Amino acid sequence: MDFSSQIASQLNATAILPEGIVIVTLLLVLIVDLIFGRKSVVFVPYLAIVGLLASVVALVYGWDNPDPTSFLGSFTADNLSIVFRGIVALSTTITILLSIAYIENTGTSLAEFIGIMLTATLGGMFLCGASELVMIFVSLEMLSISSYLMTGYMKRDPRSNEAALKYLLIGAASSAIFLYGSSLLYGLSGGMTNINTITATLQAGVGLESLGLAIALVFMVAGIAFKISAVPFHQWTPDVYEGSPTPVVAFLSVGSKAAGFAIAIRLLVTAFAPVTEQWHFIFTALAILSMVLGNVVALAQTSMKRMLAYSSIGQAGFVMIGLVAGTQAGYASMIFYLFIYLFMNLGAFACIILFSLKTGTDKISDYAGLYQKDPLLTLGLSLCLLSLGGIPPLAGFFGKIYIFWAGWQAGLYSLVLVALVTSVISIYYYIRVVKMMVVKEPHEMSEVVKKYPPSRWNLRGMRPIQVALVFLIIATSLLGILSNPVVTIANKSVSSSLVLKASLEAGINNISAQNVVNSVL
(Lines give C-alpha, C1' and ligand atoms only; values in the text may rest on other atoms or scores of the structure.)
Protein backbone atom coordinates (compact mmCIF):
# COMPACT_ATOMS: atom_id res chain seq x y z
CA MET A 1 0.00 0.00 0.00
CA ASP A 2 2.84 2.34 0.89
CA PHE A 3 4.57 1.51 -2.39
CA SER A 4 1.44 2.25 -4.44
CA SER A 5 0.82 5.52 -2.62
CA GLN A 6 4.46 6.50 -3.20
CA ILE A 7 4.12 5.78 -6.92
CA ALA A 8 0.85 7.74 -7.05
CA SER A 9 2.47 10.74 -5.37
CA GLN A 10 5.39 10.65 -7.79
CA LEU A 11 3.11 10.40 -10.81
CA ASN A 12 0.80 13.18 -9.52
CA ALA A 13 -1.65 12.48 -12.34
CA THR A 14 -4.03 15.27 -11.24
CA ALA A 15 -1.56 17.74 -12.77
CA ILE A 16 -2.63 16.60 -16.24
CA LEU A 17 -6.38 16.63 -15.48
CA PRO A 18 -7.01 19.21 -18.27
CA GLU A 19 -5.25 16.98 -20.80
CA GLY A 20 -7.16 13.98 -19.39
CA ILE A 21 -10.44 15.78 -20.10
CA VAL A 22 -9.31 16.43 -23.69
CA ILE A 23 -8.38 12.73 -24.09
CA VAL A 24 -11.84 11.65 -22.82
CA THR A 25 -13.46 14.17 -25.17
CA LEU A 26 -11.43 12.82 -28.10
CA LEU A 27 -12.53 9.24 -27.32
CA LEU A 28 -16.18 10.32 -27.00
CA VAL A 29 -16.01 12.11 -30.36
CA LEU A 30 -14.65 8.98 -32.05
CA ILE A 31 -17.17 6.66 -30.35
CA VAL A 32 -20.15 8.92 -31.13
CA ASP A 33 -19.05 9.21 -34.75
CA LEU A 34 -18.66 5.43 -34.95
CA ILE A 35 -22.17 4.83 -33.57
CA PHE A 36 -24.17 7.60 -35.25
CA GLY A 37 -22.18 8.20 -38.43
CA ARG A 38 -23.13 11.31 -40.41
CA LYS A 39 -25.92 12.12 -37.92
CA SER A 40 -23.29 12.90 -35.30
CA VAL A 41 -22.33 16.10 -37.14
CA VAL A 42 -25.18 17.87 -35.34
CA PHE A 43 -23.73 17.53 -31.83
CA VAL A 44 -20.11 16.30 -32.13
CA PRO A 45 -18.62 19.84 -32.50
CA TYR A 46 -20.45 21.02 -29.40
CA LEU A 47 -19.37 17.93 -27.48
CA ALA A 48 -15.76 18.81 -28.32
CA ILE A 49 -16.29 22.46 -27.33
CA VAL A 50 -17.80 21.47 -23.97
CA GLY A 51 -14.83 19.18 -23.33
CA LEU A 52 -12.33 21.91 -24.19
CA LEU A 53 -14.10 24.46 -21.99
CA ALA A 54 -14.10 21.91 -19.15
CA SER A 55 -10.36 21.55 -19.73
CA VAL A 56 -9.94 25.34 -19.42
CA VAL A 57 -11.93 25.28 -16.16
CA ALA A 58 -9.63 22.51 -14.88
CA LEU A 59 -6.65 24.70 -15.76
CA VAL A 60 -8.14 27.55 -13.73
CA TYR A 61 -8.60 25.25 -10.73
CA GLY A 62 -5.00 24.10 -11.13
CA TRP A 63 -3.69 27.65 -10.60
CA ASP A 64 -1.10 27.96 -7.82
CA ASN A 65 -0.70 24.19 -7.61
CA PRO A 66 1.66 23.57 -4.65
CA ASP A 67 3.02 20.41 -6.30
CA PRO A 68 3.22 21.10 -10.06
CA THR A 69 5.73 18.38 -10.95
CA SER A 70 4.27 15.12 -12.25
CA PHE A 71 5.30 11.87 -13.92
CA LEU A 72 8.71 11.75 -12.26
CA GLY A 73 9.60 15.24 -13.42
CA SER A 74 8.55 14.81 -17.05
CA PHE A 75 5.73 17.37 -16.85
CA THR A 76 5.45 20.64 -14.95
CA ALA A 77 1.96 22.07 -14.39
CA ASP A 78 3.12 25.43 -13.02
CA ASN A 79 1.30 28.72 -13.64
CA LEU A 80 3.47 29.46 -16.67
CA SER A 81 2.40 26.26 -18.40
CA ILE A 82 -1.23 26.84 -17.38
CA VAL A 83 -1.51 30.13 -19.28
CA PHE A 84 0.07 28.66 -22.42
CA ARG A 85 -2.08 25.52 -22.22
CA GLY A 86 -5.12 27.76 -21.81
CA ILE A 87 -4.22 29.69 -24.98
CA VAL A 88 -3.89 26.42 -26.94
CA ALA A 89 -7.22 25.06 -25.62
CA LEU A 90 -9.09 28.33 -26.28
CA SER A 91 -7.70 28.58 -29.82
CA THR A 92 -8.99 25.07 -30.57
CA THR A 93 -12.40 25.88 -29.06
CA ILE A 94 -12.88 28.88 -31.32
CA THR A 95 -11.40 27.09 -34.34
CA ILE A 96 -13.96 24.26 -34.03
CA LEU A 97 -16.75 26.85 -34.15
CA LEU A 98 -15.21 28.28 -37.31
CA SER A 99 -14.77 24.87 -38.96
CA ILE A 100 -18.32 23.43 -38.77
CA ALA A 101 -19.73 24.99 -41.93
CA TYR A 102 -16.36 25.03 -43.72
CA ILE A 103 -15.72 21.28 -43.36
CA GLU A 104 -19.35 20.36 -44.09
CA ASN A 105 -19.18 22.44 -47.24
CA THR A 106 -16.28 20.31 -48.51
CA GLY A 107 -18.17 17.03 -48.02
CA THR A 108 -15.53 15.50 -45.72
CA SER A 109 -16.05 14.06 -42.23
CA LEU A 110 -16.30 16.73 -39.54
CA ALA A 111 -15.87 14.27 -36.65
CA GLU A 112 -12.57 12.99 -38.06
CA PHE A 113 -11.34 16.55 -38.51
CA ILE A 114 -12.25 17.43 -34.91
CA GLY A 115 -10.56 14.23 -33.72
CA ILE A 116 -7.31 15.20 -35.45
CA MET A 117 -7.55 18.76 -34.11
CA LEU A 118 -8.07 17.50 -30.55
CA THR A 119 -4.98 15.31 -30.98
CA ALA A 120 -2.99 18.36 -32.09
CA THR A 121 -4.36 20.24 -29.08
CA LEU A 122 -3.15 17.46 -26.77
CA GLY A 123 0.31 17.65 -28.31
CA GLY A 124 0.39 21.43 -27.90
CA MET A 125 -0.79 21.33 -24.27
CA PHE A 126 1.71 18.64 -23.30
CA LEU A 127 4.46 20.58 -25.10
CA CYS A 128 3.70 23.68 -23.00
CA GLY A 129 4.54 21.85 -19.78
CA ALA A 130 7.04 19.21 -20.92
CA SER A 131 10.23 19.11 -18.83
CA GLU A 132 11.93 16.07 -20.29
CA LEU A 133 13.57 15.61 -23.69
CA VAL A 134 11.63 12.49 -24.70
CA MET A 135 8.30 14.03 -23.71
CA ILE A 136 9.17 17.26 -25.49
CA PHE A 137 9.88 15.38 -28.72
CA VAL A 138 6.83 13.10 -28.48
CA SER A 139 4.56 16.10 -27.78
CA LEU A 140 6.15 18.05 -30.62
CA GLU A 141 5.57 15.18 -33.05
CA MET A 142 1.98 14.70 -31.87
CA LEU A 143 1.33 18.35 -32.67
CA SER A 144 3.28 18.25 -35.94
CA ILE A 145 1.85 15.04 -37.43
CA SER A 146 -1.71 16.11 -36.59
CA SER A 147 -0.99 19.45 -38.27
CA TYR A 148 0.24 17.68 -41.43
CA LEU A 149 -2.97 15.63 -41.54
CA MET A 150 -5.18 18.70 -41.11
CA THR A 151 -3.25 20.61 -43.74
CA GLY A 152 -3.92 17.91 -46.34
CA TYR A 153 -7.45 17.17 -45.16
CA MET A 154 -9.03 18.38 -48.41
CA LYS A 155 -7.83 15.42 -50.45
CA ARG A 156 -9.56 16.58 -53.63
CA ASP A 157 -7.92 20.00 -53.54
CA PRO A 158 -4.47 20.04 -55.26
CA ARG A 159 -3.43 23.12 -53.27
CA SER A 160 -4.16 21.35 -49.99
CA ASN A 161 -2.13 18.32 -51.10
CA GLU A 162 0.78 20.53 -52.16
CA ALA A 163 0.69 22.46 -48.88
CA ALA A 164 0.65 19.23 -46.86
CA LEU A 165 3.58 17.80 -48.80
CA LYS A 166 5.70 20.94 -48.34
CA TYR A 167 4.78 21.13 -44.67
CA LEU A 168 5.60 17.45 -44.16
CA LEU A 169 8.99 17.59 -45.87
CA ILE A 170 10.18 20.78 -44.19
CA GLY A 171 8.63 19.74 -40.87
CA ALA A 172 10.30 16.34 -40.94
CA ALA A 173 13.67 17.98 -41.58
CA SER A 174 13.17 20.44 -38.71
CA SER A 175 12.09 17.61 -36.36
CA ALA A 176 15.22 15.65 -37.27
CA ILE A 177 17.40 18.71 -36.60
CA PHE A 178 15.66 19.31 -33.27
CA LEU A 179 16.11 15.65 -32.31
CA TYR A 180 19.82 15.83 -33.13
CA GLY A 181 20.16 18.85 -30.85
CA SER A 182 18.33 16.93 -28.11
CA SER A 183 20.68 13.98 -28.50
CA LEU A 184 23.67 16.32 -28.13
CA LEU A 185 22.20 17.70 -24.91
CA TYR A 186 21.66 14.14 -23.71
CA GLY A 187 25.28 13.29 -24.39
CA LEU A 188 26.74 16.49 -22.92
CA SER A 189 24.81 15.98 -19.68
CA GLY A 190 26.06 12.42 -19.26
CA GLY A 191 22.86 10.62 -20.22
CA MET A 192 20.24 12.86 -18.57
CA THR A 193 16.87 13.61 -20.17
CA ASN A 194 15.19 15.85 -17.56
CA ILE A 195 15.97 19.46 -18.51
CA ASN A 196 16.30 20.57 -14.87
CA THR A 197 18.85 17.82 -14.25
CA ILE A 198 20.62 18.74 -17.50
CA THR A 199 20.77 22.36 -16.29
CA ALA A 200 22.38 21.38 -12.99
CA THR A 201 24.83 19.06 -14.73
CA LEU A 202 25.95 21.59 -17.34
CA GLN A 203 26.31 24.39 -14.82
CA ALA A 204 28.43 22.18 -12.59
CA GLY A 205 30.60 20.95 -15.44
CA VAL A 206 33.57 22.35 -17.32
CA GLY A 207 33.62 23.91 -20.78
CA LEU A 208 30.09 25.32 -20.86
CA GLU A 209 30.89 27.29 -24.01
CA SER A 210 31.91 24.14 -25.79
CA LEU A 211 31.29 23.49 -29.45
CA GLY A 212 28.87 20.68 -28.61
CA LEU A 213 26.58 22.91 -26.55
CA ALA A 214 26.71 25.61 -29.22
CA ILE A 215 25.71 23.10 -31.94
CA ALA A 216 22.92 21.74 -29.73
CA LEU A 217 21.66 25.31 -29.25
CA VAL A 218 21.64 26.05 -32.98
CA PHE A 219 19.88 22.81 -33.86
CA MET A 220 17.19 23.11 -31.19
CA VAL A 221 16.59 26.78 -31.99
CA ALA A 222 16.09 25.76 -35.64
CA GLY A 223 13.34 23.35 -34.59
CA ILE A 224 11.67 25.97 -32.38
CA ALA A 225 11.95 28.68 -35.07
CA PHE A 226 10.14 26.39 -37.52
CA LYS A 227 7.20 26.12 -35.10
CA ILE A 228 6.92 29.87 -34.54
CA SER A 229 7.44 30.73 -38.25
CA ALA A 230 10.59 32.78 -37.71
CA VAL A 231 12.77 33.83 -40.65
CA PRO A 232 14.70 32.03 -42.19
CA PHE A 233 12.67 28.96 -41.13
CA HIS A 234 9.43 30.43 -42.49
CA GLN A 235 9.48 28.98 -46.03
CA TRP A 236 6.53 26.69 -45.35
CA THR A 237 4.27 29.39 -43.93
CA PRO A 238 2.90 31.25 -47.01
CA ASP A 239 2.25 28.10 -49.07
CA VAL A 240 0.70 26.19 -46.17
CA TYR A 241 -1.49 29.15 -45.19
CA GLU A 242 -2.72 29.60 -48.76
CA GLY A 243 -3.36 25.91 -49.56
CA SER A 244 -4.65 24.59 -46.21
CA PRO A 245 -8.28 24.67 -45.05
CA THR A 246 -8.73 28.09 -43.45
CA PRO A 247 -9.71 26.75 -39.97
CA VAL A 248 -6.44 24.78 -39.93
CA VAL A 249 -4.50 27.95 -40.70
CA ALA A 250 -6.33 29.70 -37.84
CA PHE A 251 -5.22 26.99 -35.40
CA LEU A 252 -1.62 26.91 -36.68
CA SER A 253 -1.32 30.69 -36.42
CA VAL A 254 -2.22 30.72 -32.71
CA GLY A 255 -2.14 27.30 -31.03
CA SER A 256 1.01 25.95 -32.66
CA LYS A 257 2.82 29.29 -32.26
CA ALA A 258 1.92 29.54 -28.54
CA ALA A 259 3.20 26.00 -27.90
CA GLY A 260 6.43 26.85 -29.74
CA PHE A 261 7.07 29.92 -27.59
CA ALA A 262 6.23 27.97 -24.41
CA ILE A 263 8.86 25.31 -25.07
CA ALA A 264 11.32 28.00 -26.22
CA ILE A 265 11.10 29.73 -22.84
CA ARG A 266 11.37 26.48 -20.87
CA LEU A 267 14.38 25.17 -22.83
CA LEU A 268 16.36 28.37 -23.24
CA VAL A 269 16.29 29.54 -19.64
CA THR A 270 17.21 26.09 -18.28
CA ALA A 271 19.32 23.83 -20.47
CA PHE A 272 20.87 26.73 -22.40
CA ALA A 273 21.35 29.11 -19.47
CA PRO A 274 25.18 28.79 -19.79
CA VAL A 275 25.02 30.18 -23.33
CA THR A 276 22.49 32.94 -22.68
CA GLU A 277 24.40 35.57 -24.67
CA GLN A 278 24.53 33.24 -27.66
CA TRP A 279 20.79 32.52 -27.77
CA HIS A 280 20.06 36.20 -27.17
CA PHE A 281 22.19 36.94 -30.23
CA ILE A 282 20.38 34.29 -32.31
CA PHE A 283 16.89 35.41 -31.32
CA THR A 284 17.77 39.06 -31.84
CA ALA A 285 18.75 38.22 -35.43
CA LEU A 286 15.62 36.07 -35.89
CA ALA A 287 13.40 38.86 -34.52
CA ILE A 288 14.87 41.50 -36.84
CA LEU A 289 14.68 39.25 -39.91
CA SER A 290 11.11 38.19 -39.09
CA MET A 291 9.84 41.72 -38.51
CA VAL A 292 11.49 43.16 -41.62
CA LEU A 293 10.81 40.36 -44.10
CA GLY A 294 7.33 39.51 -42.77
CA ASN A 295 5.97 43.04 -42.90
CA VAL A 296 7.73 44.15 -46.10
CA VAL A 297 6.77 41.11 -48.19
CA ALA A 298 3.17 41.32 -46.91
CA LEU A 299 2.87 44.63 -48.80
CA ALA A 300 2.98 42.84 -52.16
CA GLN A 301 0.44 40.08 -51.41
CA THR A 302 -2.84 39.77 -53.31
CA SER A 303 -4.31 36.89 -51.25
CA MET A 304 -5.71 37.52 -47.77
CA LYS A 305 -4.36 34.22 -46.44
CA ARG A 306 -0.85 34.86 -47.78
CA MET A 307 -0.95 38.39 -46.38
CA LEU A 308 -1.87 37.04 -42.94
CA ALA A 309 0.87 34.41 -43.32
CA TYR A 310 3.54 37.08 -43.67
CA SER A 311 1.78 39.09 -40.98
CA SER A 312 2.13 36.12 -38.58
CA ILE A 313 5.85 35.97 -39.38
CA GLY A 314 6.14 39.65 -38.43
CA GLN A 315 4.06 39.13 -35.28
CA ALA A 316 6.42 36.32 -34.21
CA GLY A 317 9.25 38.84 -34.47
CA PHE A 318 7.42 41.22 -32.13
CA VAL A 319 6.87 38.46 -29.55
CA MET A 320 10.55 37.53 -29.66
CA ILE A 321 11.41 40.96 -28.23
CA GLY A 322 10.02 39.81 -24.90
CA LEU A 323 12.05 36.62 -25.10
CA VAL A 324 15.29 38.48 -25.82
CA ALA A 325 14.57 40.96 -23.00
CA GLY A 326 14.80 38.09 -20.50
CA THR A 327 13.06 40.07 -17.75
CA GLN A 328 9.82 39.49 -15.87
CA ALA A 329 8.15 42.24 -17.90
CA GLY A 330 9.48 40.68 -21.10
CA TYR A 331 8.07 37.20 -20.43
CA ALA A 332 4.78 38.65 -19.14
CA SER A 333 4.43 40.82 -22.26
CA MET A 334 4.89 37.72 -24.43
CA ILE A 335 2.01 35.97 -22.64
CA PHE A 336 -0.21 39.05 -22.83
CA TYR A 337 0.48 39.59 -26.52
CA LEU A 338 -0.13 35.94 -27.42
CA PHE A 339 -3.42 36.02 -25.49
CA ILE A 340 -4.79 39.03 -27.35
CA TYR A 341 -3.29 37.73 -30.63
CA LEU A 342 -5.57 34.72 -30.13
CA PHE A 343 -8.67 36.91 -30.46
CA MET A 344 -7.62 39.39 -33.13
CA ASN A 345 -6.03 36.84 -35.44
CA LEU A 346 -8.84 34.27 -35.11
CA GLY A 347 -11.30 37.13 -35.66
CA ALA A 348 -9.60 37.95 -38.96
CA PHE A 349 -9.71 34.31 -40.03
CA ALA A 350 -13.39 34.06 -39.01
CA CYS A 351 -14.12 36.88 -41.45
CA ILE A 352 -12.07 35.22 -44.20
CA ILE A 353 -13.95 31.93 -43.66
CA LEU A 354 -17.33 33.67 -43.85
CA PHE A 355 -16.35 35.55 -46.99
CA SER A 356 -14.88 32.47 -48.71
CA LEU A 357 -17.96 30.36 -47.89
CA LYS A 358 -20.17 32.93 -49.58
CA THR A 359 -17.93 33.81 -52.51
CA GLY A 360 -15.31 31.06 -52.91
CA THR A 361 -12.39 33.50 -53.08
CA ASP A 362 -9.86 35.12 -50.76
CA LYS A 363 -8.33 37.72 -53.11
CA ILE A 364 -7.93 41.12 -51.48
CA SER A 365 -9.32 42.91 -54.56
CA ASP A 366 -12.57 40.93 -54.28
CA TYR A 367 -13.34 42.58 -50.93
CA ALA A 368 -13.96 45.94 -52.67
CA GLY A 369 -17.24 47.48 -51.54
CA LEU A 370 -18.08 44.74 -49.03
CA TYR A 371 -19.49 47.31 -46.62
CA GLN A 372 -22.50 47.76 -48.91
CA LYS A 373 -23.47 44.10 -48.61
CA ASP A 374 -22.22 42.86 -45.21
CA PRO A 375 -21.60 45.58 -42.58
CA LEU A 376 -20.97 43.06 -39.74
CA LEU A 377 -18.25 41.24 -41.66
CA THR A 378 -16.69 44.54 -42.71
CA LEU A 379 -16.71 45.84 -39.13
CA GLY A 380 -15.25 42.61 -37.76
CA LEU A 381 -12.45 42.35 -40.31
CA SER A 382 -11.63 46.06 -40.01
CA LEU A 383 -11.35 45.94 -36.21
CA CYS A 384 -9.25 42.76 -36.21
CA LEU A 385 -6.87 44.04 -38.90
CA LEU A 386 -6.50 47.43 -37.21
CA SER A 387 -5.82 45.67 -33.92
CA LEU A 388 -3.12 43.55 -35.58
CA GLY A 389 -1.62 46.79 -36.87
CA GLY A 390 -1.59 48.29 -33.37
CA ILE A 391 -4.16 51.07 -33.82
CA PRO A 392 -5.49 52.47 -30.49
CA PRO A 393 -7.68 51.84 -28.54
CA LEU A 394 -7.84 48.22 -29.76
CA ALA A 395 -6.17 45.33 -27.93
CA GLY A 396 -3.25 45.04 -30.35
CA PHE A 397 -2.11 48.58 -29.52
CA PHE A 398 -1.80 47.81 -25.80
CA GLY A 399 -0.10 44.49 -26.55
CA LYS A 400 2.56 46.20 -28.65
CA ILE A 401 3.00 49.02 -26.15
CA TYR A 402 3.62 46.48 -23.38
CA ILE A 403 6.08 44.37 -25.35
CA PHE A 404 7.94 47.41 -26.74
CA TRP A 405 8.11 48.94 -23.26
CA ALA A 406 9.53 45.69 -21.85
CA GLY A 407 12.18 45.69 -24.60
CA TRP A 408 13.02 49.36 -24.00
CA GLN A 409 13.35 48.79 -20.24
CA ALA A 410 15.75 45.92 -20.98
CA GLY A 411 17.93 48.22 -23.08
CA LEU A 412 16.95 46.79 -26.47
CA TYR A 413 16.71 50.23 -28.06
CA SER A 414 17.71 49.26 -31.60
CA LEU A 415 15.41 46.22 -31.61
CA VAL A 416 12.44 48.29 -30.41
CA LEU A 417 13.11 50.95 -33.06
CA VAL A 418 13.13 48.27 -35.78
CA ALA A 419 9.86 46.97 -34.34
CA LEU A 420 8.30 50.46 -34.41
CA VAL A 421 9.30 51.05 -38.04
CA THR A 422 8.06 47.65 -39.22
CA SER A 423 4.86 48.10 -37.20
CA VAL A 424 4.18 51.33 -39.11
CA ILE A 425 4.80 49.45 -42.37
CA SER A 426 2.28 46.79 -41.32
CA ILE A 427 -0.40 49.42 -40.78
CA TYR A 428 -0.28 50.20 -44.50
CA TYR A 429 -1.28 46.76 -45.75
CA TYR A 430 -3.91 46.33 -43.03
CA ILE A 431 -5.52 49.71 -43.76
CA ARG A 432 -5.37 48.97 -47.51
CA VAL A 433 -7.86 46.14 -46.98
CA VAL A 434 -10.06 48.27 -44.71
CA LYS A 435 -10.08 51.10 -47.23
CA MET A 436 -11.00 48.72 -50.04
CA MET A 437 -13.99 47.42 -48.09
CA VAL A 438 -15.27 50.74 -46.77
CA VAL A 439 -14.25 53.61 -49.04
CA LYS A 440 -15.12 52.11 -52.43
CA GLU A 441 -18.13 53.64 -54.15
CA PRO A 442 -21.01 51.37 -55.27
CA HIS A 443 -19.88 51.51 -58.91
CA GLU A 444 -16.38 50.38 -57.84
CA MET A 445 -17.72 47.28 -56.14
CA SER A 446 -16.03 44.04 -57.19
CA GLU A 447 -17.93 41.52 -59.30
CA VAL A 448 -17.77 39.02 -56.45
CA VAL A 449 -19.36 41.44 -53.98
CA LYS A 450 -22.08 42.37 -56.50
CA LYS A 451 -23.21 38.73 -56.41
CA TYR A 452 -22.76 38.51 -52.62
CA PRO A 453 -25.67 36.62 -50.99
CA PRO A 454 -27.65 38.34 -48.22
CA SER A 455 -26.42 37.78 -44.66
CA ARG A 456 -28.63 35.43 -42.65
CA TRP A 457 -28.24 33.97 -39.17
CA ASN A 458 -30.46 30.94 -39.66
CA LEU A 459 -28.30 29.03 -42.14
CA ARG A 460 -27.02 25.69 -40.82
CA GLY A 461 -23.41 25.91 -39.74
CA MET A 462 -23.13 29.67 -40.33
CA ARG A 463 -24.50 30.76 -36.98
CA PRO A 464 -21.55 29.33 -34.97
CA ILE A 465 -19.12 31.32 -37.12
CA GLN A 466 -21.14 34.51 -36.73
CA VAL A 467 -21.49 34.04 -32.95
CA ALA A 468 -17.74 33.38 -32.69
CA LEU A 469 -17.08 36.48 -34.79
CA VAL A 470 -19.20 38.71 -32.52
CA PHE A 471 -17.38 37.33 -29.46
CA LEU A 472 -13.96 37.89 -31.08
CA ILE A 473 -14.88 41.45 -32.11
CA ILE A 474 -15.93 42.29 -28.53
CA ALA A 475 -12.78 40.71 -27.08
CA THR A 476 -10.51 42.52 -29.56
CA SER A 477 -12.20 45.85 -28.82
CA LEU A 478 -12.27 45.61 -25.02
CA LEU A 479 -9.26 43.51 -23.99
CA GLY A 480 -6.88 46.42 -24.42
CA ILE A 481 -8.91 48.84 -22.30
CA LEU A 482 -9.72 46.15 -19.69
CA SER A 483 -6.28 44.56 -19.79
CA ASN A 484 -5.42 44.80 -16.08
CA PRO A 485 -6.62 41.29 -15.10
CA VAL A 486 -4.78 39.68 -18.03
CA VAL A 487 -1.57 41.59 -17.28
CA THR A 488 -1.83 40.60 -13.60
CA ILE A 489 -2.25 36.93 -14.51
CA ALA A 490 0.68 37.10 -16.94
CA ASN A 491 2.94 38.70 -14.33
CA LYS A 492 1.93 36.22 -11.64
CA SER A 493 2.53 33.25 -13.94
CA VAL A 494 6.07 34.52 -14.58
CA SER A 495 6.92 35.52 -11.01
CA SER A 496 5.65 32.22 -9.55
CA SER A 497 7.49 30.01 -12.06
CA LEU A 498 10.50 28.36 -10.46
CA VAL A 499 12.15 27.98 -13.87
CA LEU A 500 11.96 31.69 -14.70
CA LYS A 501 12.67 32.79 -11.15
CA ALA A 502 15.91 30.85 -11.17
CA SER A 503 16.96 32.35 -14.50
CA LEU A 504 16.20 35.90 -13.38
CA GLU A 505 18.01 35.45 -10.08
CA ALA A 506 21.01 33.97 -11.90
CA GLY A 507 21.57 37.33 -13.54
CA ILE A 508 20.04 36.79 -16.98
CA ASN A 509 19.12 40.42 -17.36
CA ASN A 510 18.79 43.26 -19.78
CA ILE A 511 22.49 44.20 -19.79
CA SER A 512 23.65 41.16 -21.74
CA ALA A 513 20.72 41.54 -24.12
CA GLN A 514 21.61 45.17 -24.76
CA ASN A 515 25.24 44.30 -25.48
CA VAL A 516 24.20 41.57 -27.89
CA VAL A 517 21.84 43.85 -29.81
CA ASN A 518 24.44 46.58 -30.03
CA SER A 519 26.95 44.10 -31.40
CA VAL A 520 24.44 42.97 -34.02
CA LEU A 521 23.34 46.41 -35.11
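Every value quoted in this text rests on a predicted model; they were computed, and no experiment measured them.
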For this session: Nearest 0.5 Å please: distance from the OH atom of Tyr153 over to the OG atom of Ser244.
Result: 14.0 Å

For this session: Please state whether the rings of Tyr337 and Tyr341 are parallel, tilted or perpendicular, taking 30° and 60° as the class boundaries.
Result: parallel

Exercise. Under a 4.0 Å N-O cut-off, is there an ion pair linking Asp239 with Lys305?
Worked result: no

Exercise. With distance as the sole criterion, is a donor-acceptor pair present between the side chains of Thr121 and Thr92 under 3.5 Å?
Worked result: yes

Exercise. For Ser229 and Ser312, does a side-chain donor sit closer than 3.5 Å to a side-chain acceptor?
Worked result: no

Problem set entry | Note, Ser256 side chain near Leu143 side chain (heavy atom, < 4.5 Å) | yes

For this session: Verify, without hydrogens or angle tests, whether Ser99 (side chain) and Pro247 (backbone) share a donor-acceptor contact under 3.5 angstrom.
Result: no

For this session: Check whether any side-chain heavy atom of Ser91 lies under 4.5 Å from a side-chain heavy atom of Phe251, and answer yes or no.
Result: yes

Exercise. With a 4.5 Å heavy-atom cut-off, do Tyr331 and Asn491 have their side chains touching?
Worked result: no

Problem set entry | Whether Glu132 side chain and Val134 backbone form a donor-acceptor pair below 3.5 Å | yes

For this session: Hey, could you give me the CZ/NZ distance between Phe318 and Lys400, rounded to the nearest 0.5 Å?
Result: 4.0 Å

Problem set entry | Candidates Ile136, Asp78, Asn196 - the one meeting side chain to side chain contact (heavy atoms under 4.5 Å, CB included) with Arg266 | Asp78

Problem set entry | Heavy-atom pair with the smallest gap, counting every atom of Ile263 and Leu127 | CD1-O, 3.7 Å

For this session: Answer yes or no: is there a donor N or O on one side and an acceptor on the other, between the side chain of Trp279 and the main chain of Leu268, under 3.5 Å?
Result: yes

Exercise. Going by atom types alone, do Ser55 and Glu19 pair a side-chain donor with an acceptor below 3.5 Å?
Worked result: no

For this session: Could you verify whether a donor N or O on one side chain and an acceptor N or O on the other, from Tyr167 and Ser144, lie under 3.5 Å apart?
Result: no

For this session: May I ask you to decide if Phe226's main-chain N or O and Trp236's side chain share a donor-acceptor pair within less than 3.5 Å?
Result: yes

